[in-house]
Every structure is written in structure tokens, then in C-alpha cells.
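These figures come from a predicted structure and were not determined experimentally.
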Amino acid sequence: MLKSGFRVGRVFGIDIVVDWSWLFIFFLIAWNLGTVFGSLHPEWRTGLTWVIAIVAALLFFLSVLLHELAHALVAKSRGLPVRNITLFLFGGVSNIQREPSTPGDEFIITIVGPITSILIGVILLGAVNASAHLVDTLTGSTNILAGMGPAATIALWLGSVNLLLGIFNLIPGFPLDGGRVLRSILWAITGNLRRATSWASGVGQAVAWIFIIAGIMMLFGASIPFFGTGFINGLWLAFIGWFLNSAAMQSYEQVVIQDVLHGVSVARIMRTNPPIVPSTITTGNLVYDHIMGSDDTAFPVVDDGRLVGMITMADVRPVARTAWDTTLVRDIMTPVDRLVVTTPEEASADALNKLATKDVQQLPVVRGNQLVGLLRRRDLVKWLHLQSGDTRSVLGEQPI
């Protein structure tokens, strides 16, 4: 179980995670399909209608998963680590741990997703011999669906949706696939990833604001080609625009961070003499002699010069005040075999990925089983602030 969702399986060595927000959009799609299918096929029993709607919604998210798997598998083949694939409110995302090394790699990794969706759409539409009626289907005609059985209805709807999904993702709204394709082209032209990302992010924000403005217009009754009209459609389009705008800005900040940290080792940023505590002191001693006497909230636990664990304020909070004098640090610390650690030689960008992946505030820096320093998230923020201005929003830190 994860804080933001739950793991449902593992495919080709990649964890598949469902964010809690996915449950909302799954329910919304299934409910909408149940209503539409029921009106198109009044001869279907109610139970059958809702089963078909749920199956169609599940197959839609399976096709989204295939879209993301295409990205992830090509990324892995190019040597890029993939943390997981997450299905969430807006569809899915492949959590690729670092940027591609060349514009060609990014182009191939990106374009394979929309191609997969389009191919799924073409295959399904061809399977029901609906290609001659494709235009009517995409413009909202319901006459074709009304005369079909359950399997054909699902295939035609799912094929049309996948085709639209592939086309929509090619919109140059970074970080949509189309925006990443645009960045790969700009990167190839300029030879500068940061500049290409800045330009692509600017285009992405412009597209996002077009979505927001169009959504607001739809709220007040305007009819927008392709998107239609109506309060719900307008609210959804504006929400997508807001999400794209935020994602475009954060994606640029992430590239700036990677650029600033390039070639910088952990040894240059870590604290070389972090405060340490032995495992044999009581929680009370830890609080009064260490936590209250400094601004530190995490302490490596060292016995006989050897790192044995880490103790933080989060570990102390569950301990009752009356038990502080009898509870030892070793009883509540995180043992060393469960810690995420780094080394002085590791690239600070890779250490940052560890901090973000494990959602921790600090990493012990070790050489063998010896503690040589502590890398804190706040120290990385300070370095980034000194080098390139404010990039704290990506790291989730408060102003220094």
C-alpha cells in the first residue's frame, strides 16, 4: 500500500500503481457509459448494461496502461530506469527517473505512446467494420452504436476513444506527448536541453491557458469545436488546462534542477560532521539533549563508529511522554538495513531522486558501514537557490 494509492501488480519489472484519484474518474466514466448505453439499448437488461459499462471503463484504463507501457519499455531499452506506472485522475504517467540522454531517444520514447493508442483504435474500429462511419462516430453520432451488440458496442466506443486519446496526446502542450516531441525537435536544433525545455514549457503553458479560457467559455454556454459545450465539459477542460499549466512549470523546474546538479557530487553538498547519537540513550535524553538543543530533526545513530540506524522526530512522536525515560533510541529508530543511503561519490542528482522516490528528508552518506556525512533535502535546496534561484516547489521545501 502506498500513501497516494495502491500497487496492483508488476509487468516487465515495472510496478503498476493506482492512485486514489483513479477511483473517482473510473466511477465517473462507468456511470456515464451506463447512462449512455442504457439510452441507446433499452432492450438490454439493467444489470447487463452496467456490467458492459464497467467492462468498457476497465478496458479503457487497460488501453491507457498499454500506452504508458509503450513509453516505459522503450525507455528501459534505452537504459533509463522506470520507477513505476501510475494510473490517476488524468489517465496515466510513466515515472521515468531521469531525462533521456539524446533528443532522438526522447522522440522515440515519446512518440511510441500515441502510436500505440492510435493503433489500438484502428484495430478495434477495423474489427467492427466501422471505418466507413468513423467521422460520424467521432462527431458524436449515436446511430451506429444503437444497432450493435455488447461486444461491438464496447469495441467501437473503445476504438474511437483510443484514437482520440492518441490524437489529443499529440497536442504540443508540454508535458503531454506532443509537447515532449516538440522539445525533442527543439533540443536537436539548439543542442541545449534546458533551452528546449523552456521553449516547450512556454508553448505548453499557452496551450494550457487556451484550455482554461475555452473551458470557462463553455461554462457560460459557448460551443467549442471538438470539445462541445456544457457546464461539466467546460469545468473538466478548465481543470485539465490548470493541471497542464502546473505540470509544464514543474517539468521545467525539474530540468533546471538536473542541469544545476550536473557534475556535482554528494560530497560537495553533504554535512561532513552531522550530529550523531548512540542507540543506548533514552528518548528523553534524545529530546532534551539533542532535538531541543538544535534545529536538527534527524540524527544518525552510531555505535562504535558504525552506522546502525536513523532516528527522527517522526519516530519520537508515537512514544508516550510517560515512556520517554524507559524507551531507548534503538527501540524506535529505523535500522540501517531499512535506510536509503548514498555515498560521497554519487551524483547529487541521483541522490535527489532517492530523496524524492522514498519521500525522506535526508540520506546518510556512508563509505562501507562508516558514516561520513549527511545529505539533507534543505541543503540541496540551499545549493539550488544559490545557483539558479527559486526551485523549491519541486523539492517541496519552505523558503530558506
Side-chain angles (χ1 to χ4, degrees), residues 2 5 7-19 59-88 90-124 162-163 165-194 196-197 200 204 247 250-252 254-255 257-259 261-263 340 346-347 349-354 356-358:
L2 303 175
R7 179 176 175 272
V8 296
R10 190 173 177 85
V11 180
F12 299 112
I14 303 168
D15 287 334
I16 309 301
V17 177
V18 174
D19 187 87
L59 289 175
F60 168 68
F61 282 103
L62 176 60
S63 62
V64 171
L65 177 59
L66 292 175
H67 176 115
E68 295 303 328
L69 269 175
H71 289 311
L73 293 177
V74 174
K76 288 188 70 174
S77 73
R78 300 276 166 160
L80 300 178
V82 181
R83 178 184 173 191
N84 58 45
I85 292 174
T86 302
L87 299 178
F88 72 121
F90 293 104
V93 61
S94 299
N95 294 309
I96 301 171
Q97 292 299 282
R98 64 173 184 265
E99 298 288 351
S101 56
T102 68
D105 281 352
E106 171 154 66
F107 182 86
I108 294 172
I109 291 168
T110 302
I111 200 66
V112 71
I115 288 175
T116 298
S117 294
I118 291 171
L119 282 176
I120 292 172
V122 170
I123 290 170
L124 288 173
N162 270 279
L163 200 59
L165 177 66
I167 295 171
F168 180 81
N169 268 276
L170 289 174
I171 294 174
F174 189 81
L176 287 176
D177 292 340
R180 291 190 176 276
V181 167
L182 174 63
R183 183 177 73 164
S184 70
I185 295 171
L186 294 172
W187 185 6
I189 293 172
T190 64
N192 188 307
L193 175 60
R194 185 167 172 177
T197 304
Q250 289 191 2
S251 295
Y252 175 64
Q254 288 169 345
V255 170
I257 287 173
Q258 296 295 319
D259 190 40
L261 293 180
H262 180 71
V340 182
E346 185 171 33
D350 293 337
L352 174 60
N353 283 335
K354 289 182 179 180
T357 300
K358 299 300 181 181

Item to check | With Phe107 via ring-ring contact (aromatic ring centres under 6.0 Å, His included) - residues at least two apart | outcome: none

Checklist entry - Does Ile14 offer a backbone N or O that forms a donor-acceptor pair with the side chain of Lys76 under 3.5 Å? => result no

Checklist entry - Can you name the closest pair of heavy atoms from Ser251 and Phe174 and give their distance? => result CB-CE2, 3.3 Å

Next on the checklist: Please give me the minimum heavy-atom distance between Leu176 and Ile171, naming the atom from each residue.
Outcome noted: CB-O, 4.0 Å

Item to check | Shortest non-hydrogen contact from Ala200 toward Leu182 | outcome: CA-CD2, 4.5 Å

Item to check | Point-to-point distance, once rounded to the nearest 0.5 Å, from CD1 of Ile111 to CG of Leu170 | outcome: 5.5 Å

Item to check | Backbone N/O of Pro114 and side chain of Ser117: donor-acceptor pair under 3.5 Å | outcome: no

Checklist outcome for this item: All heavy atoms of Arg194 vs all of Val255, minimum pair found to be CA-CG1, 4.0 Å

Item to check | Residue list, side-chain contact (heavy atoms from CB on, under 4.5 Å) with Thr102, at least two apart or on another chain | outcome: Asp105

Item to check | Closest approach of Ala75 to Val82 (non-hydrogen atoms, all atoms of both residues) | outcome: CB-CG2, 4.2 Å

Checklist outcome for this item: For Asp15, the salt bridge (Lys or Arg N to Asp or Glu O under 4.0 Å) test, sequence neighbours excluded, returns Arg7, Arg10

Next on the checklist: Taking the side chain as everything from C-beta on, heavy atoms only, tell me whether Asp19 gets closer than 4.5 Å to Leu87.
Outcome noted: no

Checklist outcome for this item: Here the gap from Leu119 atom CG to Leu66 atom CG, rounded to the nearest 0.5 Å, amounts to 11.5 Å

Checklist outcome for this item: Separation between OG (Ser101) and CG (Leu80), nearest 0.5 Å, reads 6.5 Å

Next on the checklist: For a quick test of reading the model, state the closest non-hydrogen atom pair linking Ile85 to Ala72 and the distance between them.
Outcome noted: CD1-CB, 4.0 Å

Checklist entry - Thr110: what forms a side-chain contact (heavy atoms from CB on, under 4.5 Å) with it, not counting sequence neighbours? => result Glu106, Asp177, Arg180, Val181

Item to check | Close side-chain approach of Phe61 and Leu65, heavy atoms under 4.5 Å | outcome: no

Next on the checklist: Taking Ile96's backbone N and O only, do any of them form a donor-acceptor pair with Ser94's side chain (distance below 3.5 Å, no angle check)?
Outcome noted: no

Checklist outcome for this item: Separation between CG (Leu69) and OG (Ser63), nearest 0.5 Å, reads 11.5 Å

Checklist entry - Are the side chains of Thr86 and Glu68 in touch, meaning some heavy atoms are under 4.5 Å apart? => result no

Checklist entry - Residues in side-chain contact (heavy atoms from CB on, under 4.5 Å) with Ile189, at least two apart? => result Ile185

Checklist outcome for this item: CD1 (Ile118) and CD1 (Ile123) are apart, to the nearest 0.5 Å, by 12.0 Å

Checklist entry - Partners of Val112 by side-chain contact (heavy atoms from CB on, under 4.5 Å), sequence neighbours excluded? => result Ala70, His71, Val74, Thr116

